[in-house]
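Chain letters run A, B, ... following the sequence lines, proteins first and then strands; every chain starts at 1.
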Protein chains: 2
Amino acid sequence: MCIIQNMRMSQGVEWALHTCLNLTYVESGQAVPTAALAKFYALPPAYLNKHLQALVRAGILSSTPGPRGGFRLARRPEAISLLDVVTAIEGSGEAFPCDQILREGPGGRPDVDYRHACVIAGAMRHAELAWRRELAGRSLADIRAEVETRYPDTPRNTRERFAALLG
Amino acid sequence: MCIIQNMRMSQGVEWALHTCLNLTYVESGQAVPTAALAKFYALPPAYLNKHLQALVRAGILSSTPGPRGGFRLARRPEAISLLDVVTAIEGSGEAFPCDQILREGPGGRPDVDYRHACVIAGAMRHAELAWRRELAGRSLADIRAEVETRYPDTPRNTRERFAALLG
DNA sequence: CTAATCTGGATGTGTATTATCCAGAATATG
DNA sequence: CATATTCTGGATAATACACATCCAGATTAG
């Protein structure tokens with residue numbers, strides 16, 4: 001009966017955010033392979049690796065092949081925003097798809113780009129900017145600080161799990 | 001090569017927003033059938049009708065069956081926000097899908113609802129609230145006023161097109 | 001040299017979005 | 001009252017996309 005749907009970002013965003021956050025607890029210089037990062041949350045390794053590759057392309061992670069290789073943060077946690085991670089996985093395209101239906105409307109002209117001229121598209125873009133601004137204002141370091149305030153065991157738990165997985 | 005995707009809302013949102021905006025130009029009391037609303041932008045009538053039904057269920061439009069029937073706004077344009085229309089089509093679910101992967105992590109517990117406990121999920125929700133707030137702050141009347149400032153021909157064009165379609 | 005690991009392309013699978021059609025109900029008009 | 005018009009909602013089909021796997025090739029530690 002209903003066609004109601006949900007604008008959803010891919011689950012990979014969740015994987016990427018948690019994985020990046022965990023990597024802030026790895027002593028710098030040490031790389032973590034896909035297999036260990038996947039086991040951390042029981043994620044499918046091959047597919048998680050695709051997302052890790054996207055994070056490397058975005059300059060958020062760096063990768064090293066070979067034994068003792070894997071992934072590590074490419075920048076300090078203070079310099080990685082939630083928006084950086086979201087954009088790396090989801091792309092920077094707008095959530096409101098302006099198909100420029102005004103072209104077919106009265107007074108519509110084929111030479112006008114209604115993605116810019118349309119007031120509705122502008123309003124939707126404006127709202128998305130507010131969303132991006134919020135995400136850009138929060139770094140992995142901010143998130144980590146809040147986590148440690150609310151769940152003091154997290155650093156120990158995380159490091160122990162990594163130790164076990166890398167053992 | 002890439003798995004980069006785009007969080008996208010359905011195209012129906014664009015159809016619904018433009019259609020509702022056009023309906024603000026119809027003299028109240030008059031209903032416009034699906035066929036006319038679809039021709040306005042050369043949209044598929046049967047599918048547009050599904051979206052119109054969703055707008056009726058949301059209390060944004062009211063519908064009348066029979067000859068001279070169709071759809072009209074159920075409230076004044078000042079009382080219909082962009083968020084109302086977006087929610088009617090897209091639903092009110094969150095765009096960030098928290099799959100609670102923390103359950104599988106160190107110290108993860110099956111009895112905790114990580115959609116609330118997870119700091120990352122909270123930050124994503126916070127950003128979405130900023131988006132919703134922007135959309136809730138803009139009414140169809142606001143949009144119409146901005147349209148008329150920038151494109152003074154719009155009221156005449158819209159009414160003429162409706163007159164032609166309603167014959 | 002060998003084993004470990006990343007990279008990126010090819011491919012498969014299932015779900016969601018897009019779209020159509022039809023039977024049934026409601027109603028204006030003559 | 002008969003008829004044509006229009007909405008409603010269910011069934012169904014086509015297409016696109018998200019999710020997932022696998023493999024060959026490149027890189028590097030030991």
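- Annotation for A:Arg75: atom CZ counts as buried by contact number, over 12 foreign heavy atoms lying within 6.0 Å.
- Sorted by first then second residue, the ring pair (Phe, Tyr, Trp, His ring centres under 6.0 Å) pairs that include residues 86-129 of chain A, not counting sequence neighbours, number zero.
- OP1 and OP2 of D:dC7 both lie 4.0 Å or more from every side-chain N or O belonging to B:Gln53.
- Within the 4.0 Å cut-off from OP1 or OP2 of C:dT27, not a single side-chain nitrogen or oxygen of B:Thr64 is found.
- Put simply, CD on A:Glu14 is 17 Å from P on D:dA18, counting in whole angstrom units.
- In this entry the distance linking CD1 of A:Ile101 with P of C:dT18 reads 13 Å, nearest Å.
- Take the nearest nucleotide of DNA chain C for B:Met9 and for A:Gly69: the residue whose nucleotide is more 5' is A:Gly69.
- Counting only residues at least two apart or on different chains, the ring pair (Phe, Tyr, Trp, His ring centres under 6.0 Å) pairs with a member in residues 34-93 of chain B are B:Trp15-B:Tyr47, B:Trp15-B:His51, B:His18-B:Tyr41, B:Phe40-B:Phe162, B:Tyr47-B:His51.
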Dump the pairs, protein N or O against N or O of nucleotides 11-17 of chain C, anything under 3.5 Å, distances to one decimal.
residue : atom : partner : partner atom : Å
C:dT17  : O5'  : A:Gln5  : OE1          : 3.4

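- The separation between A:Gln30 atom CD and D:dA29 atom P is 15 Å, rounded to whole Å.
- When the P atom of D:dA20 is taken as reference, atom CG of A:Leu48 falls 11 Å away, rounded to whole Å.
- Across all strands, A:Gly70 comes closer than 4.0 Å only to sugar-phosphate atoms, never to a base (heavy-atom distances).
- With D:dT6, C:dC6, C:dT29 as the candidates, the nucleotide lying closest to the side chain of B:Arg68 is C:dT29.
- Among the nucleotides D:dA20, D:dT6, D:dA11, the one closest to the side chain of A:Pro44 is D:dA20.
- Residues A:Glu104 and B:Arg161 share a closest heavy-atom pair of O-NH2, 3.2 Å.
- Counting to the nearest Å, the C1' atom of C:dG8 and the NE2 atom of A:His51 are 15 Å from each other.
- Between A:Pro65 and A:Pro45, the residue anchored closer to the 5' end of DNA chain D is A:Pro45, taking for each the nucleotide with the nearest heavy atom.
- Mapped onto DNA chain D by nearest heavy atom, A:Pro67 and B:Val56 fall at different nucleotides, with B:Val56 at the one closer to the 5' end.
- Linking Ile, Leu, Val, Met, Phe, Trp and Tyr whenever their side-chain heavy atoms come within less than 4.5 Å leaves B:Tyr25 and B:Leu82 in two separate clusters.
- Applying the side chain to side chain contact (heavy atoms under 4.5 Å, CB included) test between A:Cys20 and each of A:Leu55, A:Ile80, A:Leu52, A:Ile143 identifies A:Leu55 as the sole match.
- How far CG of B:Leu165 is from CD of B:Glu160: 12.0 Å, rounded to the nearest 0.5 Å.
- Going from atom CG of A:Asn49 over to atom P of D:dC23 covers 15 Å, rounded to whole Å.
- Look at CG on A:Leu43: it is 19 Å from P on D:dA18, rounded to the nearest Å.
- Between B:Ser63 and D:dT6 there is no side-chain N or O to OP1 or OP2 distance below 4.0 Å.
- Put simply, CG on A:Leu61 is 13 Å from C1' on C:dC6, counting in whole angstrom units.
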